[in-house]
Participant: 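The structure that follows is given in the form of structure tokens.
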Amino acid sequence: MAQRPKDSPADPLGIGQGGDPSENPLSGRVAVHPERVSAEAHVAQEIADLVRSRPGAVLGVATGGTMKGVYRELAVRARDVDLSRIRAFSLDEFLGLSPENPHSFRAFLESHFVGPLGLGAEQLVTPDASWAEADPAAAARAYEDHIAEAGGIDLQLLGIGRNGHVAFNEPGSLAASRTRVIRLDEVTRADAVGDFGSLDAVPTRAMTVGIATILDAKQIRLLAFGEGKAAAVGRVLRGPVGGDVPATLLNAHEGLQLHLDRGAAGLP
Ligand code: GLP
């Protein structure tokens, strides 16, 4: 069983209350941080420690506002740790955008991850959106193969959508799902309007790794900040497990740890 994050009280949310804590698969693996920066710093330090012990570590990297601080904190630590041999795979990509499009996830990761960490562009692999448009099955298979050839993901970073999506595994996703093209949920598209300027500009489809792809990672760190995430996070913490809130499908993974602020944890 994974160790409890260092700065976490034993059972911060009382998720083990009213029964045998060992029956709750998440018991002891949830850290509620007073400020989000402490969550960001904790996870960045874990990544730095991982790379120190395994210079060729394979990271699964996520996009979204939640991740910006993690990458910022990792960039600070990059001075003391050699990142030149890591490889990173991203979770998903919009269809219909070129990799140079500033709204693509490739562009996000170039500017928040690759650049600040001083990585080579080839150290980051992202789904090929134009291939996914032309031949979704082949592009999806190739992405899964690429991850497997790299030896699998050592540590997967994850955010969570308000509707409980992880990567772009939207409500209705199956635990056995693998990389595929998916139609985006309307909640997800509405949440992206801030970035794209209007709903019409938000793509309707994306290529995403599946829940089973994520479950193959050795370690998973799910971060969530703010009250807007509390409902989805509450389902992850307390169940029930179900594809209507896809993040709950990760609960049984022994390497899953959650790093939350008080808002996302549903605390005042
Ligand atoms: C997008 C990404 C997810 C991410 C989510 C949350 O939908 N596909 O991987 O977790 O946004 O984004 P944010 O961190 O900005 O709330």
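Atoms within each ligand, like the ligands themselves, are counted from 1 in listed order.
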Participant: Would you please test Phe168 and Phe94 for ring-ring contact (aromatic ring centres under 6.0 Å, His included) and show each step?
Facilitator: CA-CA 9 Å; Phe168 272 140; Phe94 291 111; 5.4 Å; yes

Participant: Give me the residue, atom name and distance of the protein heavy atom closest to atom 3 (C) of ligand 1.
Facilitator: Ala167 O, 3.7 Å

Participant: Start with the C-alpha gap between Phe105 and Thr126, add the side-chain angles, then the distance that decides, and say whether side-chain contact (heavy atoms from CB on, under 4.5 Å) holds.
Facilitator: CA-CA 8 Å; Phe105 285 162; Thr126 54; over 6 Å; no

Participant: So is Met67 touching ligand 1 or not, going by heavy atoms under 4.0 Å?
Facilitator: no

Participant: For atom 6 (C) of ligand 1, grab the closest protein heavy atom and report residue, atom and distance to one decimal in Å.
Facilitator: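 Protein heavy atom with the smallest distance to atom 6 (C) of ligand 1: Ile160 O, 3.7 Å.
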
Participant: For ligand 1, which atoms, with element, lie under 4.0 Å from some heavy atom of Lys229?
Facilitator: 13 (P), 16 (O)

Participant: side-chain contact (heavy atoms from CB on, under 4.5 Å) for Leu97 and Phe196? Distances and angles first, verdict last.
Facilitator: CA-CA 12 Å; Leu97 304 182; Phe196 282 85; 4.0 Å; yes

Participant: Look at atom 15 (O) of ligand 1 and say which protein heavy atom is nearest, naming residue and atom and giving the distance to 0.1 Å.
Facilitator: Gly65 N, 2.8 Å

Participant: For ligand 1, note which part of Leu158 has a heavy atom under 4.0 Å away: side chain, backbone, both or neither.
Facilitator: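 Near ligand 1, Leu158 shows nothing, with every heavy atom at 4.0 Å or more.
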
Participant: Is it true that Phe105 lies under 4.0 Å from ligand 1, counting heavy atoms only?
Facilitator: yes

Participant: Below 4.0 angstrom, N of the basic side chain to O of the carboxylate: do Arg77 and Asp80 qualify?
Facilitator: no

Participant: Show the numbers, then the answer: is there a side-chain hydrogen bond (donor to acceptor under 3.5 Å, both in side chains) between Arg238 and Thr248?
Facilitator: CA-CA 9 Å; Arg238 298 180 188 87; Thr248 64; over 6 Å; no

Participant: Quick one: are Gln123 and Arg85 in side-chain contact, heavy atoms under 4.5 Å?
Facilitator: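 Counting from C-beta outward, Gln123 and Arg85 never come under 4.5 Å.
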
Participant: With a cut-off of 4.0 Å, which atoms of ligand 1 are near a heavy atom of Thr66?
Facilitator: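 Answer for ligand 1: 13 (P), 14 (O), 16 (O).
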
Participant: Please list, in number order, the atoms of ligand 1 under 4.0 Å from a heavy atom of Gly159.
Facilitator: 10 (O)

Participant: Which residue holds the protein heavy atom closest to atom 1 (C) of ligand 1, what is that atom called, and what is the gap in Å?
Facilitator: His165 NE2, 3.8 Å

Participant: Could you walk me through whether Asn163 and His165 pass the side-chain hydrogen bond (donor to acceptor under 3.5 Å, both in side chains) test, one step at a time?
Facilitator: CA-CA 6 Å; Asn163 60 2; His165 75 217; 3.3 Å; yes

Participant: What are the two closest heavy atoms between Leu256 and Leu222, and how far apart are they?
Facilitator: CD1-CB, 4.2 Å

Participant: Asp216 and side-chain hydrogen bond (donor to acceptor under 3.5 Å, both in side chains): which single residue from Gln156, His253, Arg178 fits?
Facilitator: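 One option only clears the test, and that one is Arg178.
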
Participant: Quick one: look up the protein heavy atom nearest atom 12 (O) of ligand 1 and list residue, atom name and how far away it is.
Facilitator: Gly64 CA, 3.9 Å

Participant: Tell me: protein heavy atom nearest atom 4 (C) of ligand 1, and distance?
Facilitator: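 Ranking protein heavy atoms by distance from atom 4 (C) of ligand 1, first comes Thr63 O, 3.8 Å.
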
Participant: Students should be able to answer this: which protein heavy-atom is nearest to atom 8 (N) of ligand 1, and at what distance?
Facilitator: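 Checking every protein heavy atom, the shortest distance to atom 8 (N) of ligand 1 gives Asp92 OD2, 2.7 Å.
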
